[in-house]
Amino acid sequence: MADKDGNILAKDYGLGIAPPLRPFPVKGMSSAGWGMQRRLSEIFADDGRTIMLAFDHGYILGSTAGLERLDLTIPSIMADADCLMATRGALRTCIPANHRKAVALRCTADGSVLKDDMSRGVPAVDVEDAIRLNASCMAVQCFIGSDGELDSLRNLAYYVNAGEKYNIPVLGVVAVGKEMERTSRYFAMATRLLAEHGAHIIKTYYCDNFEQITAACPVPIVIAGGKKIPERDALEMAYRAISEGAAGVDMGRNVLQSACPQAMLKAIRMVVHEDATPEEAYHAYELWQEDLK
Ligand code: 5RP
């Protein structure tokens, strides 16, 4: 070996110093494999929280207001997101591969809104393709209590099994079909059920008694934004969810259909990562909105 001779001898063994204990900041994931923790660390910051920017709506809705030109919109505002939630089609065509964000890859196909029953989804993305795309987690839509409940659980099991094999976390998304319940009781049951089936992160809607729901769910919960509401109300919802134990938000329309998406994402960052009140965040939103005009 060319450099066999002349190496500086090892001498700094830190004798007497115990290896540092580094608690893993993501709920319920302390004993996950290294690769799993690595990917979770892409999604969640050191405070154990995350801001996911969801722009996967096109997989059921086609083009929607605020999401017409993902190639123009998303790269220009994504700086304040921790994670991008997208389909593989949007990711490949609209997001430059040299971005530094985590990716929550939408993996099931659940039919379009033109169909009455979307609950019989199928696995659409092979786990190998999720690996090729370097996904940080795989998102699976689950319609608990629907006619297609077992299809959802089969899909979830497929991705959880593959995820455990390759250390890729699964984001279980609590879906609410047209006729499905939207009560606290329902969300409590569905979130816990998905976690028991092995989902590593759960996405659900904010509701009454949310604190009980996050307490009873052994993995992190992020809230969906849902339909566009006034910016101040969306910040209030995010604040309440975080105060009541959510690990973050996964918002789409309340950012992308806002009067100023970039300012809205910055304001959400203040709530999620800086413990700002909704008043403080909304005030900052208004100032940024002026600045960014
Ligand atoms: C659907 C989803 C979508 O990602 C979500 O609907 C998009 O976010 P938003 O509702 O905030 O626009 O998970 O179940």
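Side-chain atoms are counted along with the backbone in the values below, which use heavy atoms only and exclude waters and symmetry mates. For ligands, and for the atoms within them, numbers begin at 1 and follow the listed sequence.
Atom CD1 in Ile242 sits 10.5 Å away from atom CD1 in Ile268 (nearest 0.5 Å).
With ligand atoms numbered from 1 in the order given, ligand 1 contributes 13 (O), 14 (O) to contacts under 4.0 Å with heavy atoms of Val173. Which parts of ligand 1 touch Gly225 is read off a 4.0 Å heavy-atom cut-off, strictly below it: atoms 11 (O). Ligand 1 places these atoms under 4.0 Å from at least one heavy atom of Ala54: 4 (O), 7 (C), 8 (O).
Atom 14 (O) of ligand 1 has as its closest protein heavy atom Gln141 NE2, 2.8 Å. Considering only non-hydrogen protein atoms, atom 11 (O) of ligand 1 sits nearest to Gly252 N, 2.8 Å. The closest protein non-hydrogen atom to atom 7 (C) of ligand 1 is His57 NE2, 3.0 Å.
Counting heavy atoms of neighbouring residues, nucleotides and ligands inside a 6.0 Å radius, atom CG of Asp46 does not exceed 12 of them. Counting non-hydrogen atoms of neighbouring residues, nucleotides and ligands closer than 6.0 angstrom, the NE2 atom of His273 exceeds 12 such neighbours.
Between Arg92 and Asp129, at least one side-chain N (NZ, or NE/NH1/NH2) sits under 4.0 Å from a carboxylate O, which counts as a salt bridge. The existence of a salt bridge linking Arg232 and Glu279 is confirmed by a sub-4.0 Å separation between a basic side-chain nitrogen and an acidic carboxylate oxygen.
Ala247 and Phe44 make their closest contact through CB-CE2, 4.0 Å (heavy atoms, listed as atom of the first residue, atom of the second, distance). Residues Arg49 and Val272 approach most closely at NH1-O, 2.9 Å, considering heavy atoms.
Proximity of Ala175 to ligand 1 is not established, as no heavy-atom distance is less than 4.0 Å. Close to ligand 1: Arg106, with a non-hydrogen atom less than 4.0 angstrom away. Ligand 1 lies less than 4.0 angstrom from a heavy atom belonging to Asp56.
The shortest N/O to N/O separation between Asn254 and ligand 1 does not fall below 3.5 Å.
Ranked by closest heavy atom to atom 5 (C) of ligand 1, the top entry among Arg253, Met85, Lys203, Met251 is Lys203.
A parallel orientation is assigned to the rings of Tyr282 and Tyr285, their planes being inclined by less than 30° (bins at 30° and 60°).
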